[in-house]
Amino acid sequence: MTNVLVCIKRVPDVAGEVLLSEDGQSVDARHVGFTVSPHEECAVELATRVTSASGGTATVLSVGPADSAEQLRNAMAVGCSDAVLVEADTVQFGPADIAEAIADVVRTRAAAGTSYDLVLLGNDAADTGDFQVPVRLAYALDRPVLTGISTVELAGDRVVARGDGPDGTEIFELPLPAVIAVMEGGVSPRYPSIPGRMKAKRAPLETVTPDFEPKGSGRVRLTAPTPRVSTVEILGSGPSAAPAVVDLLLELGVVSK
Amino acid sequence: MIVVLVETDAQGATVVSREALTFARDLAGSSGAAVHAVAIGPLPEPARTGLLAHLADQGVQLVHIPQDDRLAAYAAAAWSTAVIDVVKSTSAGALIASGTPRGNEVLAHVATRLDVAMAANVVQIATVEPLAVTRQVVGGAALEEMRLDDGVAVFSVAGHACEPRPAAEAAVTEVLEYAPTISDRDLVARVARVEAIATDDTGALTNARVVVGAGRGAGGADRFAGLLELTELLGGALGVSRVVTSLGWRPHSEQVGQTGSRIAPDLYVPCGISGAIQHWAGCQSAKTILAINTDAEAPMVTRAHYAVIGDLHEIVPAINAELRARLGR
């Protein structure tokens with residue numbers, strides 16, 4: 001029976017322009033919603049699949065503000081059975097701090113009798129894009145780690161993971177316990193059902209607070225890239241623009257007569 | 001001393017690794033440091049000769065090449081041990097890689113083991129003393145200035161943050177082979193085997209000179225014939241938005257974006273793609289963008305260099321016909 005801990009992050013659902021807070025320390029998300037990264041949606045799906053095969057439980061965790069409960073409930077609506085919210089002002093937290101906060105939960109729960117032999121995370125957070133929390137977590141827990149993984153399956157006390165490498169699909173076989181960072185592409189996240197949402201509302205969500213002083217992220221400030229004045233040259237409308245397009249292709253040298 | 005982790009392909013150093021070398025040389029120029037490279041993994045000919053030519057061209061004085069059969073199959077922890085050996089033997093003040101999956105993964109191991117910060121996807125140096133970098137966050141929709149003033153500055157350079165420029169004076173690059181201090185623990189998370197898959201064109205996509213893009217406007221899995229024909233006429237690769245893969249119209253290996261491939265072709269032709277951040281993150285490095293879209297106000301159109309307004313299903317076949325007529329194909 002393998003239990004899985006899957007870690008997600010509440011991030012602004014930015015599709016177009018990004019607004020920054022006045023102090024330049026965070027994204028101003030007042031006018032957009034919140035979501036989790038597609039990588040994490042896939043990690044939640046894999047956690048659900050692994051535990052339904054193993055008979056273990058899938059616990060979802062987030063380090064972030066109290067409002068992260070929304071994302072935790074969403075994950076419980078698609079199969080996670082309980083949640084942990086490490087409530088913290090994550091603007092003050094760097095990747096090493098996030099990893100430490102997650103490691104604390106894994107150790108505390110292990111001491112209380114629940115061991116998470118597999119910890120899944122997204123490959124990189126959609127907002128901070130640090131590419132290092134899974135690796136730092138693995139070292140904190142003294143476990144092997146993989147990143148960029150598309151699918152995960154248990155085989156006895158080992159885990160078989162697949163991911164895209166430069167020469168094709170790379171296959172790894174690791175002993176448990178392990179830490180794995182998931183990339184979108186291997187599985188399609190399921191949609192929540194109405195009964196799933198009802199169940200998620202009542203599912204247990206434990207809130208804890210970190211008991212260490214964060215190192216911080218080194219962030220000085222955020223800036224928006226210099227807004228680009230549109231310099232687009234409209235070649236035409238509809239099929240009659242085709243000759244102008246081909247003129248351009250020849251001019252750019254991407255096709256030759 | 002600045003050490004650059006250089007990734008290799010069949011021809012030598014990868015393009016993004018050469019960019020990282022140029023980036024390192026520029027930083028070295030402003031801080032007076034020397035640049036060394038470390039290259040890991042099997043280096044059959046002509047990759048080895050190509051690598052040395054690329055390094056000489058980039059003005060690299062010395063390349064460290066670990067000799068250990070256990071590095072034949074990729075293991076991030078083992079690579080990081082081989083890199084840490086070089087950082088220590090050279091007393092490096094900075095370690096740089098390109099912002100590829102491997103580059104970021106190996107740096108994460110190194111930074112953790114050295115107990116220093118790491119900055120991913122740096123686009124420029126903000127200040128040299130004390131060192132602060134500017135890096136892409138939120139898929140490149142915002143930039144973060146980040147202090148990187150630990151003992152060793154560890155960072156990856158975002159793809160195409162700079163052009164790979166040759167050094168003013170080419171170097172005669174010396175090779176230093178060494179035995180890395182890899183332990184058995186470093187080999188636990190190691191590639192067991194690799195399956196080459198015919199449908200995975202990720203490599204073709206990221207290296208293509210021309211990419212034809214398709215988004216929601218394509219309209220269905222069975223409506224790609226014209227786009228694929230254009231792709232073939234241009235000798236390029238097809239890249240799609242996340243909507244297209246989420247709807248199951250095309251495989252994820254063709255996805256361009258924050259959670260797909262990052263491309264940098266000479267020409268990108270996004271058809272029926274509105275240009276959300278998720279997608280822009282993956283295509284913003286294209287040299288020229290020619291957008292085809294029904295909406296003249298779509299972000300992809302306003303950010304493009306050229307655009308044609310209208311239905312791609314009318315415009316693309318007309319371009320194909322014009323191309324065939326003019327090129328005699």
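Residue numbers begin at 1 in each chain, while the letters A, B, ... track the order of the sequences. Side-chain atoms are counted along with the backbone in the values below, which use heavy atoms only and exclude waters and symmetry mates.
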Practice prompt. Answer with yes or no whether the side chains of Glu195(B) and Thr169(A) bring together a donor and an acceptor at under 3.5 Å.
Written response: no
Response to the item:
Under 4.5 Å to a heavy atom of chain A? For Glu7(B) that would be neither
Worksheet entry | Under 4.5 Å from a heavy atom of chain A, the part of Ala117(B) involved | backbone
Item to complete: For chain B, find which of Lys215(A), Arg136(A), His39(A) contributes the most heavy-atom pairs closer than 4.5 angstrom.
Response: Arg136(A)
Practice prompt. Tell me, for Ala126(A) versus chain B, whether the close heavy atoms (under 4.5 Å) come from the side chain, the backbone, both or neither.
Written response: both
Fill in: Euclidean distance, Cys42(A) SG relative to His252(B) NE2, rounded to 0.5 Å
7.5 Å
Worksheet item: Roughly how far, to the nearest 0.5 Å, is the OH atom of Tyr139(A) from the CG atom of Asp115(B)?
Response: 13.0 Å
Worksheet item: Contact part of Thr223(A) toward chain B, heavy-atom cut-off under 4.5 Å: side chain, backbone, both or neither?
Response: both
Item to complete: Write down the atom of Gln255(B), the atom of Glu184(A), and the distance for their closest heavy-atom approach.
Response: NE2-OE1, 3.2 Å
Practice prompt. Please flag which part of Val210(B) lies under 4.5 Å from any non-hydrogen atom of chain A: side chain, backbone, both or neither.
Written response: side chain
Worksheet item: Of the backbone (N, CA, C, O) and the side chain (C-beta and beyond), which part of Thr245(B) lies under 4.5 Å from a heavy atom of chain A, both, or neither?
Response: neither
Discussion item. Given heavy-atom pairs under 4.5 angstrom as the criterion, report whether the side chain, backbone, both or neither of Asp311(B) touches chain A.
Written reply: neither
Fill in: Residue Glu41(A) versus chain B: region with a heavy atom under 4.5 Å
side chain
Practice prompt. Please flag which part of Ala141(B) lies under 4.5 Å from any non-hydrogen atom of chain A: side chain, backbone, both or neither.
Written response: both
Worksheet entry | Which atoms of Leu234(B) approach chain A - backbone, side chain, both or neither, heavy atom under 4.5 Å | both
Worksheet item: At a heavy-atom separation under 4.5 Å, does Arg190(B) approach chain A through its side chain, its backbone, both, or neither?
Response: backbone
Response to the item:
If one checks every heavy atom of Val145(A) against chain B at 4.5 Å, the contacting part turns out to be both
Worksheet item: To the nearest 0.5 Å, what is the distance between CE (Met146(B)) and CG (Leu222(A))?
Response: 12.0 Å
Worksheet item: Taking all atoms of both residues into account, what is the closest heavy-atom pair of Val188(B) and Pro175(A), and its distance?
Response: CG1-CD, 3.5 Å
Item to complete: Please look at Ala73(B) and chain A and tell me whether the side chain, the backbone, both or neither of the residue comes under 4.5 angstrom of a heavy atom of that chain.
Response: neither
Item to complete: Pick one of side chain, backbone, both or neither for Ile292(B), based on which atoms fall under 4.5 Å of a heavy atom in chain A.
Response: neither
Discussion item. Under a 4.5 Å cutoff for heavy-atom pairs, which residue among Leu249(A), Ile234(A), Leu250(A) has the most contacts with chain B?
Written reply: Ile234(A)
Practice prompt. Please state whether the side chain, the backbone, both or neither of Val116(B) comes within less than 4.5 Å of a heavy atom of chain A.
Written response: backbone
Fill in: Toward chain A, the part of Leu290(B) with a non-hydrogen atom under 4.5 Å
side chain
